Amino acid sequence: MSFQSEIVTWYLKNKRELPWRDTTDPYIIWLSEIILQQTRVEQGKPYFLKFLAHYPNVRDFANAAEEQVLKLWQGLGYYSRGRNMLFTARYVVEHYGGVFPTSYDELVKLKGVGNYTAAAISSFSSNERKAVVDGNVYRVLSRYFGVEEPINSNAGQKMFADLATELIANQEPSVYNQAMMEFGALQCKPKSPRCDECPIQIGCYAFKHKKVGLLPIKLKKVKVRKRWFNYFVGITNDEILAKQRTPGDVWQHLYDFPLIETQGEASLSDVDFLAKTQELFGKQLELKVLESKKHILTHQIIYVQFFAIDNYIVNFNLRTEIKSVKINDFKQLPHPKIIGDFVEKHID
DNA sequence: AAATCGGGGGT
DNA sequence: ACCCCAGATTT
């Protein structure tokens with residue numbers, strides 16, 4: 001049997017039941033694929049079900065408010081995906097009369113849809129012969145065929161794309177694509193792959209040359225930036241101080257609290273830090289540390305401190321983006337995970 | 001070509 | 001601690 005036939009046979013026997021697998025509706029597939037970008041199936045699944053329940057079709061999605069979409073997205077990360085989805089849903093209603101496109105060439109023009117996602121939607125919805133190349137496929141191809149070109153170099157991307165295109169010839173595109181990804185996810189895993197019970201062990205370059213742990217090759221490790229966020233929780237009666245995050249930084253468009261970022265851990269005994277807080281909240285300000293946490297992102301480690309503030313006067317001229325909103329309204333807004341967790345734990 | 005964008009899970 | 005996840009977009 002060929003490499004492809006072995007993979008497909010393995011797939012038909014071992015595939016998971018997933019809620020987006022038994023449809024050819026391009027809208028539903030689009031929903032699942034955007035959610036699953038850089039996201040594990042088990043993490044994305046509840047979000048997929050939630051979004052489908054709220055927006056059963058692309059017109060429902062297009063009619064949503066951006067803050068509602070971001071609220072549903074809360075906790076999933078890479079929030080521009082949610083905003084791009086809303087833009088694309090409205091675009092599809094406007095330019096395609098609400099009929100979601102199924103061809104690769106149309107799909108790849110949509111905001112938030114790149115090579116991978118266009119190949120996935122087109123092959124799953126209309127069986128178009130476009131090979132998906134995601135992290136799973138890189139790994140399976142790299143190991144089996146011994147491709148040692150880095151998967152994140154230009155040369156490597158083209159090499160893997162060309163190889164994947166060759167391999168999908170004469171295959172059933174929808175099934176073959178899903179088989180490759182499922183095989184990578186369950187069998188040819190990044191760590192501790194199941195080589196002992198692998199149907200294509202015999203032809204595998206990496207297994208033969210004991211390079212399974214070395215492939216695929218990936219360049220550059222991200223250098224992590226450390227940051228210190230000092231949040232100020234100001235509550236008077238039934239209102240709380242809120243701030244919407246602006247473009248050019250993490251969590252843009254989401255809502256958090258008034259913030260002073262420092263270059264190291266801020267302390268109430270630090271006169272410099274105290275001066276900044278008084279500039280923003282007045283001389284009578286009383287501060288108290290509520291909680292300290294470490295929040296880890298891909299490119300940043302953020303040390304977060306939450307301060308309760310009393311007897312404060314907000315210098316709105318200094319920070320015009322700060323608003324005072326009803327606590328119940330604040331809870332309805334989309335927040336970064338660390339803020340959402342804080343609110344749930346500390347704010348009644 | 002490199003940097004940026006989250007949060008969670010595996011080893 | 002480090003790597004990866006059904007990647008895309010911006011710089």
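Small disclaimer: the values here were computed from a predicted structure and weren't measured.
- Between Tyr79(A) and the phosphate of dG7(B), there is a side-chain N or O to OP1/OP2 separation shorter than 4.0 Å.
- Between dG9(B) and dA8(C), the two P atoms lie 23 Å apart (nearest whole Å).
- Rounded to whole Å, the separation between the C1' atoms of dC5(B) and dA1(C) comes to 22 Å.
- Protein atom CG of Leu254(A) is 10 Å distant from nucleotide atom C1' of dG6(B), rounded to whole Å.
- Because its NZ or CZ atom is both nearer than 6.0 Å to the ring centre of Phe87(A) and within 45° of the ring axis, Lys111(A) counts as a cation-pi partner of that residue.
- Each of Trp20(A) and Leu110(A) lies near DNA chain C, and the nucleotide nearest Trp20(A) is the one positioned closer to the 5' end.
- Near DNA chain C, meaning a heavy atom under 4.0 Å from it, residues 207-216 of chain A has no residue at all.
- Contacts between residues 125-148 of chain A and DNA chain C, defined by a heavy-atom separation below 4.0 Å, involve Asp134(A), Gly135(A), Asn136(A), Arg139(A), listed by number.
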task: Tell me, with the steps shown, if Gln252(A) and Arg245(A) meet side-chain hydrogen bond (donor to acceptor under 3.5 Å, both in side chains).
output: CA-CA 5 Å; Gln252(A) 50 177 285; Arg245(A) 295 188 60 80; over 6 Å; no
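- If you look at Phe257(A) and Phe330(A), their ring centroids are closer than 6.0 Å.
- For dA3(B), neither phosphate oxygen OP1 nor OP2 lies less than 4.0 angstrom from any side-chain nitrogen or oxygen of His299(A).
- One atom, CD1 of Ile151(A), and another, C1' of dA2(B), lie 16 Å apart when rounded to the nearest Å.
- Between the CZ atom of Arg194(A) and the C1' atom of dG10(B) there is a distance of 15 Å, given to the nearest Å.
- For the contact set between residues 33-47 of chain A and DNA chain B, defined by any heavy atom under 4.0 Å, the members are Gln38(A), Thr39(A), Arg40(A), Gln43(A).
- Ion pairing between a basic and an acidic side chain is recognised when a charged N comes within 4.0 Å of a carboxylate O; Lys130(A) and Glu128(A) show such pairing.
- Side-chain N/O atoms of Lys337(A) include one lying less than 4.0 angstrom from OP1 or OP2 on dG8(B).
- Distance Glu182(A) CD to dA6(C) P: 9 Å, rounded to the nearest Å.
- Aromatic ring centres of Phe342(A) and Phe306(A) lie closer together than 6.0 Å.
- Checking the phosphate oxygens (OP1, OP2) of dG10(B), no side-chain nitrogen or oxygen of Ser192(A) falls inside 4.0 Å.
- Evaluation of atom-type donor-acceptor distances gives a pair under 3.5 Å for the side chain of Thr298(A) against the base of dG6(B).
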- request: Apply side-chain hydrogen bond (donor to acceptor under 3.5 Å, both in side chains) to the pair Tyr79(A) and Gln74(A), showing each step before the final yes or no.
  value: CA-CA 8 Å; Tyr79(A) 295 92; Gln74(A) 182 171 315; over 6 Å; no
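- Rounded to whole Å, the separation between the P atoms of dA6(C) and dT11(B) comes to 14 Å.
- In summary, the aromatic rings of Tyr144(A) and Phe3(A) are positioned with their centroids under 6.0 Å apart.
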